[in-house]
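What follows is one structure encoded as structure tokens, with my remarks underneath.
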Amino acid sequence: LKPVAALASTATSYPTTHDKIQPVENTPYFVDNKFVQSTTDRFIDLRDPATNNLVTRVPQMTDQEMRAAVASAEKAFESWRGTTVLARQQIMFRFVQLIRENWDRLAASITLEQGKTFADAKGDVLRGLQVAEAAIAAPELLKGEVLEVAKDMETRTYREPLGVVAAICPFNFPAMIPLWCIPIATITGNTLILKPSERDPGAAMILAELVHKAGFPEGVVNVIHGAHGTVDFILDEPAIKAISFVGGNKAGEYIFSRGSANGKRVQANLGAKNHAAVLPDCNKNHFINSVVGAAFGAAGQRCMALSTLVMVGETKEWLSEVAERARELKVDGGFEEGADLGPVISPESKRRIESLIESAEKEGATVLLDGRGFKPEKYPDGNFIGPTIISNVTPDMTCYKQEIFGPVLVCLNVETIDDAIELINANEYGNGVAIFTRSGPTAETFRRNIQAGQVGVNVPIPVPLPMFSFTGNKKSVAGGGANTFYGRQGVNFYTQLKTVTSLWQSSDVVAKKAAVHMPTLQ
Ligand code: NAD
């Protein structure tokens, strides 16, 4: 092992500009509470999306190194599972405090590696931090049930940890998604192998440092790196009992089926195409602000981005005002004062998004606001696309059928709320949906009939806070959405129920014959 003393950034010193980083250091991995440089000769270049300057190289770790990380987690499990939930809770209190103290540093790492604005990156950290805060309620969440089921007999349930579990994360929330997993997996007594996205692992590395400082014992959280090879290692490693995956459909469906076939529990949140139905009776100004924020914030790279507008009746006349407000957004490097949205993750992603806009034009839609080719003055080499609005879209168009995952809003017109419900339900994704209306009965009809897992009524991005669970539906989850992230259901995912029935007789046994029939407990 080649240990590294510490990460390059610290709680008080971290990048706050997109200036070139010199010298560029390779990202270490994290095992037994130590940062270690991989001995691999295969690295993935990580470039700042605002400039395409090289930030770091992420190792495709060797199998031997990954196996050692799993062995460390297996060893740690033997003692970690025996700690009390109250002891684990104390560590979680410290972890929460350390995340707060390193909030800006975490956000800065996200802005540098992922591209989102610093203010938005702070939100990324917060939504993860809230999961850690909610995990502190574990003593309550882990309580079992008990019932006297017969004379002198009781049945009680225990929630036991699974063992070593793994998390495979996407690029778009470099702090939030690791924090959907680290707190719930560990407070329930498991040990965790975390694989951040190879495109922006910096925030996860800072979290690893905080894991150590908070007092997690060695091996309870190990962070490994790589792309497909690392995923395949996780899928086939027998010691790993469960996998949490968040990302796109291609990877997620593969991970769900191969992981399940290998006998592992898998929770998998996948892609999306989130619709908003807009009714003429809504608060127009609130609707415009909501949709512009939710379609273009984070450059549209949120799984709950509001990427599809369904304009009911005369609301289609409002589109020019939506475009006006979208035009006012400042597209710039994420560290720049007043930036509203930053670049998309990579040049390939930019090309893919631009080709989807082009396909809309070719298929007969109208590009009402065109962000293609936009270059902020200071960042001519970044992966920028300005807010783009495509109107007169129909469900057969490529831009409607595919998840664009960029700052592009596609707009369809319908006549009635029933048409809107029918159109939205015909879409294969079902992550989030919103309705804008002042009518309670209309909202209620929509809520009852819509086939999406997370519904916002005048709320554009209805991501549930962590005392609830993230409940995507249809093609936005694998396995029918049975295993959802965080909340009570997240605790269920990371624990195995054990049900114990005991008989403690208060008087001597007098029967001389063994009973052979099934007891009827009358
Ligand atoms: P991605 O699927 O490309 O990558 C996710 C992870 O899977 C990464 O760690 C990557 O290394 C690995 N991976 C990628 N392709 C793989 C393959 N073919 N085989 C094995 N492993 C593979 O996703 P992304 O581009 O990082 O993230 C964006 C996607 O994630 C979008 O589709 C978005 O909707 C989705 N997402 C969903 C949620 C949700 O909760 N539903 C949340 C965030 C992001």
Side-chain angles (χ1 to χ4, degrees), residues 44 46 49 58-61 113-116 124 127-128 131 166-181 193-201 203-204 223-236 243-259 266-274 298-308 344-346 348-350 352-353 383 402-406 428-433 452-454 461-464 466 469-479 481 483-487 489-490:
I44 302 151
L46 189 160
V58 182
Q60 173 55 66
M61 285 172 61
E113 295 189 356
Q114 198 272 356
K116 65 178 75 173
D124 185 330
R127 295 310 291 264
V131 177
I168 302 169
C169 306
F171 82 83
N172 66 329
F173 282 102
M176 182 182 82
I177 305 288
L179 285 170
W180 279 8
C181 303
I193 302 286
L194 179 83
K195 190 198 94 64
S197 170
E198 66 279 16
R199 301 199 258 182
D200 48 21
V223 183
I224 65 174
H225 297 297
H228 303 190
T230 306
V231 169
D232 283 344
F233 169 83
I234 289 171
L235 290 172
D236 294 341
I243 298 176
S244 302
F245 170 84
V246 180
N249 280 69
K250 185 167 173 237
E253 285 162 17
Y254 164 70
I255 288 166
F256 184 83
S257 49
R258 184 153 158 187
V266 185
Q267 55 178 183
N269 274 8
L270 314 179
K273 195 85 181 168
N274 306 309
Q301 298 176 118
R302 293 182 182 133
C303 63
M304 288 288 276
L306 208 46
S307 58
T308 313
V344 296
I345 188 72
S346 65
E348 298 75 50
S349 178
K350 177 178 147 98
R352 189 186 52 78
I353 295 163
N383 316 317
Q402 287 190 22
E403 180 182 31
I404 300 179
F405 223 56
E428 51 189 359
Y429 291 104
N431 218 30
V433 73
Q454 302 171 109
I461 305 185
V463 177
S469 200
F470 192 100
T471 55
N473 194 0
K474 293 161 79 179
K475 210 179 144 180
S476 296
V477 281
N483 295 323
T484 60
F485 282 78
Y486 62 78
Q489 292 87 338

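Numbering of ligands and ligand atoms starts at 1, following listing order. When a residue number appears, it is its place in the shown sequence, counting from 1.
Residue Glu198 has at least one N or O atom closer than 3.5 Å to an N or O atom of ligand 1. Considering backbone and side-chain atoms alike, Phe171 places an N or O below 3.5 Å from some N or O of ligand 1. Backbone and side-chain nitrogen or oxygen atoms of Asn249 are examined, and none is located within less than 3.5 angstrom of a nitrogen or oxygen of ligand 1. For ligand 1, the polar-atom distance check finds no N/O of Tyr254 at less than 3.5 Å from any of the ligand's N/O atoms. Here's the thing with Ala227: none of its N/O atoms is less than 3.5 angstrom from an N/O atom of ligand 1. Residue Ser197 places no N or O, backbone or side chain, under 3.5 Å from any N or O of ligand 1. Ligand 1 has no N or O atom lying under 3.5 Å from any N or O atom of Pro196, backbone or side chain. The shortest N/O to N/O separation between Gly248 and ligand 1 falls below 3.5 Å. The shortest N or O to N or O distance between Cys169 and ligand 1 is below 3.5 Å. Any N or O atom pair closer than 3.5 Å counts here, and Ser476 shares no such pair with ligand 1.
Of all protein heavy atoms, the one closest to atom 28 (C) of ligand 1 is Phe405 CE2, 3.5 Å. For atom 35 (C) of ligand 1, the closest non-hydrogen atom of the protein is Gly247 O, 3.2 Å. Nearest to atom 41 (N) of ligand 1 among the protein's heavy atoms is Leu270 O, 2.8 Å. Shortest contact from atom 18 (N) of ligand 1 to any protein heavy atom: His228 CE1, 3.4 Å. Ranking protein heavy atoms by distance to atom 3 (O) of ligand 1, first place goes to Arg199 NH2, 4.0 Å. What sits closest to atom 7 (O) of ligand 1 on the protein, heavy atoms only, is Phe245 CE1, 3.4 Å. Ranking protein heavy atoms by distance to atom 40 (O) of ligand 1, first place goes to Asn269 ND2, 3.0 Å. Protein heavy atom at the shortest distance from atom 13 (N) of ligand 1 is Ala251 CB, 3.8 Å.
Counting only heavy atoms from C-beta outward, the side chains of Pro462 and Met304 approach each other to under 4.5 Å. Looking at heavy atoms from C-beta onward, Phe470 lies out of side-chain contact with Gln489 at the 4.5 angstrom threshold. The closest side-chain heavy-atom distance from Val246 to Phe485 is below 4.5 Å.
Taking a 4.0 Å cut-off on heavy atoms, Phe485 fails to register as neighbouring ligand 1. Ligand 1 lies nowhere less than 4.0 angstrom from a heavy atom belonging to Arg302. Remark: distances from the non-hydrogen atoms of Tyr429 to ligand 1 are all 4.0 Å or more.
Remark: the Thr484 side chain and the Gln267 side chain contain no N/O donor-acceptor pair separated by less than 3.5 Å.
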Start with the C-alpha gap between Lys273 and Ile404, add the side-chain angles, then the distance that decides, and say whether side-chain contact (heavy atoms from CB on, under 4.5 Å) holds. CA-CA 8 Å; Lys273 195 85 181 168; Ile404 300 179; 3.8 Å; yes
What's the verdict on side-chain contact (heavy atoms from CB on, under 4.5 Å) for Asn249 and Phe256, showing C-alpha distance, side-chain angles and the deciding distance? CA-CA 10 Å; Asn249 280 69; Phe256 184 83; over 6 Å; no
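The distance from atom CD1 of Ile243 to atom CD1 of Ile255, rounded to the nearest 0.5 Å, is 7.0 Å.
Of all the heavy atoms of Asn431, the ones lying under 4.0 Å from any atom of ligand 1 belong exclusively to the side chain. Neither the backbone nor the side chain of Gln301 has any atom closer than 4.0 Å to an atom of ligand 1 (non-hydrogen atoms only).
Annotation: cation-pi geometry not satisfied between Lys474 and Tyr429 (NZ/CZ under 6.0 angstrom from ring centroid, within 45° of ring axis). At least one cation-pi condition fails for Lys195 and Phe245: the charged atom is not both under 6.0 angstrom from the six-membered ring centre and inside a 45 degree cone around its axis.
Using a 4.0 Å threshold on non-hydrogen atoms, atom 25 (O) of ligand 1 counts as touching the protein.
If you check each of Leu235, Val231, Ile177 against atom 20 (C) of ligand 1, the one with the closest non-hydrogen atom is Val231. Residue Glu403 holds the heavy atom nearest to atom 32 (O) of ligand 1 of all those in Gln454, Glu403, Arg258. Taking only non-hydrogen atoms, the option from Asn274, Val463, Asn172 nearest to atom 43 (C) of ligand 1 is Asn172.
Contact detail for Ile353 and Gly406: the closest heavy-atom pair is CD1-CA, 3.6 Å. Here the shortest heavy-atom pairing between Asp124 and Asn172 reads OD2-O, 4.0 Å.
Between Phe173 and Trp180, the gap from one ring centroid to the other reaches at least 6.0 Å.
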